[in-house]
Amino acid sequence: YIESAFGFRRYYFDRPEQALTKALAWVPQCLPLDHEVLTREGWTKIEDLTKVEEIAIWDASGKISFETPSNWITNTTDKLVFMQGLGYWCTPEHRVPYYNASRPNLCVANADCLPKQARIPRVGLYSGPQKVNPFLVQFIVAFQADGSLYDKKDYIAFEFVKERKIQRLEGILGALNVKYTKSIVRRGATVFYIPKVSKILDTPRKYKVFGPWLLEWDAAALDVFIDELECWDGWRRSGIYEVWYFSSIRENCEWVTTIAALRGKKATWLIPDNRSSNTNWRVTISFDRGKHSTCVAQKHEKSAVVACPTV
């Protein structure tokens with residue numbers, strides 16, 4: 001997430017004993033130009049943003065929304081802080097929201113003044129404008145993972161050996177009232193043929209890779225999306241509520257980690273599996289752990305152009 005650099009202004013007035021420290025937040029210093037922020041088209045470096053582009057904003061309630069900054073203020077600095085545990089660079093005056101252990105009230109401090117036990121939120125709650133049939137969401141996840149699209153003939157084919165996937169797809173197609181044919185082929189595999197797929201999906205080809213279209217879905221659809229991943233290109237780790245997701249397409253994992261964070265769940269990249277000719281990218285999604293991180297601010301003498309959005 002990225003919070004407004006001039007946000008949380010009420011803390012300037014609430015904490016008079018720190019007035020001088022807080023006043024430094026009004027100095028337009030914030031993030032290096034190569035820092036990525038979330039836009040409606042995906043993650044974009046600040047230096048590549050247009051002036052009218054909306055960016056994701058995290059507010060004190062944990063809600064995430066998209067807003068166009070009223071202004072971008074740039075400056076130069078010779079001091080940066082690396083936020084170990086969060087993985088980004090910022091100026092020492094960058095405003096960071098955090099919680100104290102066992103206390104519900106949100107606090108704010110400059111990056112170089114964070115308490116050692118500060119618990120920094122890593123997730124939020126976002127909802128797009130579009131309601132989507134939950135069974136259609138499940139079908140899209142299945143299609144991306146295991147479906148083969150034949151554009152000219154306008155049909156999708158699935159081939160399964162595992163009974164659980166066969167039963168899962170039959171249930172989804174039945175709920176959507178989609179016509180299909182099924183046959184047994186070599187090695188005893190079951191093949192599904194789904195004709196006239198353009199009547200099910202507006203632009204079938206775009207759903208073969210996860211992308212910014214996910215940001216159009218509302219909260220309920222995004223939750224179904226995250227839950228459905230384990231049924232096709234993932235599995236649930238026994239003993240804890242954690243799902244492992246795999247894909248040979250890195251972009252898919254990028255969007256899975258993004259949507260997970262936008263729906264209050266922590267996603268973590270694992271070391272990619274390079275044992276085959278195609279790299280297999282891997283992430284884990286924790287449903288009830290890791291929503292906050294501790295951080296160590298490492299000070300560096302480093303020159304950079306930095307930018308600060310006001311909203």
Side-chain angles (χ1 to χ4, degrees), residues 36-44 48-50 52-56 64-66 68 126-160 165 168-182 191-234 245-263 267 278 281 283 285:
E36 290 186 322
V37 296
L38 183 61
T39 73
R40 291 193 182 277
E41 296 303 316
W43 292 96
T44 305
D48 295 329
L49 290 172
T50 66
V52 297
E53 202 157 5
E54 293 180 307
I55 63 174
I64 293 176
S65 58
F66 285 91
T68 301
Y126 168 80
S127 181
Q130 184 180 347
K131 293 184 178 181
V132 187
N133 184 325
F135 296 107
L136 182 60
V137 174
Q138 292 175 338
F139 178 75
I140 289 171
V141 175
F143 167 54
Q144 189 287 311
D146 293 318
S148 297
L149 175 65
Y150 297 84
D151 297 279
K152 293 183 179 180
K153 296 185 178 181
D154 195 25
Y155 77 88
I156 291 174
F158 290 86
E159 182 176 328
F160 299 123
K165 288 193 173 185
R168 184 85 180 166
L169 185 60
E170 285 179 327
I172 293 170
L173 296 176
L176 291 172
N177 197 26
V178 169
K179 294 181 179 180
Y180 65 92
T181 60
K182 186 174 70 171
V191 176
F192 292 80
Y193 296 96
I194 304 169
K196 300 180 180 179
V197 69
S198 57
K199 292 185 177 181
I200 306 171
L201 303 174
D202 51 0
T203 311
R205 177 59 61 182
K206 82 174 183 180
Y207 295 106
K208 279 303 292 178
V209 179
F210 298 147
W213 45 267
L214 285 163
L215 296 175
E216 294 297 315
W217 290 1
D218 69 1
L222 294 177
D223 288 341
V224 172
F225 168 79
I226 293 295
D227 289 340
E228 190 67 16
L229 293 171
E230 67 176 276
C231 300
W232 305 99
D233 273 342
Y245 173 77
F246 313 88
S247 180
S248 60
I249 303 173
R250 182 186 175 90
E251 188 176 352
N252 286 338
C253 288
E254 292 276 7
W255 278 104
V256 166
T257 58
T258 299
I259 298 302
L262 292 178
R263 292 305 305 154
N278 293 323
W281 303 97
V283 298
I285 304 169

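Only a predicted model underlies this, so the values are computations on that prediction, with no experimental measurement involved.
Side-chain N or O atoms of T203 include none that pairs as donor or acceptor with a backbone N or O of K206 at under 3.5 Å. Remark: side-chain polar atoms of K208 are paired, donor with acceptor, to backbone N or O of G147 under 3.5 angstrom.
The shortest side-chain heavy-atom distance between Q138 and R168 falls under the 4.5 Å cut-off. The shortest side-chain heavy-atom distance between F135 and L173 does not fall under the 4.5 Å cut-off. Side-chain contact between Q144 and N252 is present, with at least one heavy-atom pair separated by less than 4.5 Å. Between K165 and D146, some side-chain heavy-atom pair lies under the 4.5 Å cut-off. For the pair I55/F66, no side-chain contact is recorded, criterion being any heavy-atom separation below 4.5 Å from C-beta on. Using a 4.5 Å cut-off on side-chain heavy atoms (C-beta onward), V191 and T181 make no contact. Taking the side chain as every heavy atom from C-beta outward, F143 and L149 approach each other to under 4.5 Å.
For D151, the CG atom sits in a packed shell: over 12 heavy atoms of surrounding residues, nucleotides or ligands are nearer than 6.0 Å.
If you take CG on D48 and CD on E41, they are separated by 13.5 Å, rounding to the nearest 0.5 Å. One finds the OG atom of S148 at 9.0 Å from the CD1 atom of I156 (value rounded to the nearest 0.5 Å). The CD1 atom of I285 lies 13.0 Å from the CZ atom of R263; values are rounded to the nearest 0.5 Å. Here the straight-line distance linking atom CG of L215 with atom CZ of R40 works out to 7.5 Å at 0.5 Å rounding.
In this view, D233 satisfies the salt bridge (charged side-chain N to carboxylate O under 4.0 Å, His left out) rule with no residue, not counting sequence neighbours. Among residues two or more places apart in sequence or in another chain, the side-chain contact (heavy atoms from CB on, under 4.5 Å) test is passed with K196 by D154, K199. Partners of K131 by side-chain contact (heavy atoms from CB on, under 4.5 Å), not counting sequence neighbours, listed by chain and number: D218. Applying the salt bridge (charged side-chain N to carboxylate O under 4.0 Å, His left out) test to E159 and every residue at least two apart in sequence or in another chain returns R186, R187.
Each of V197, I172, I194 was scored for a side-chain contact (heavy atoms from CB on, under 4.5 Å) with V178, with one residue passing: I194.
Within the structure, every pair that satisfies the ring-ring contact (aromatic ring centres under 6.0 Å, His included) test and touches residues 193-222, not counting sequence neighbours, is listed here: Y207-W213, F210-F225, W213-W217.
Across all their heavy atoms, L136 and L176 have their closest contact at N-CD2, 3.7 Å.
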Could you please spell out the steps behind the side chain to side chain contact (heavy atoms under 4.5 Å, CB included) verdict for E228 and V137?
CA-CA 8 Å; E228 190 67 16; V137 174; 5.7 Å; no
Are W232 and F160 close enough, and set up right, to give a ring-ring contact (aromatic ring centres under 6.0 Å, His included), and what steps lead you there?
CA-CA 11 Å; W232 305 99; F160 299 123; 5.8 Å; yes
Apply side chain to side chain contact (heavy atoms under 4.5 Å, CB included) to the pair F139 and L201, showing each step before the final yes or no.
CA-CA 10 Å; F139 178 75; L201 303 174; 4.0 Å; yes
Distance-only check: which donor-acceptor pairs under 3.5 Å involve side-chain atoms of residues 255-262, not counting sequence neighbours?
from : atom 1 : to   : atom 2 : distance (Å)
T257 : OG1    : C253 : O      : 3.2
T257 : OG1    : E254 : O      : 2.7
T258 : OG1    : W43  : NE1    : 2.8
T258 : OG1    : E254 : O      : 2.8

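In summary, K182 and E170 engage in a salt bridge, as defined by a charged side-chain N under 4.0 Å from a carboxylate O.
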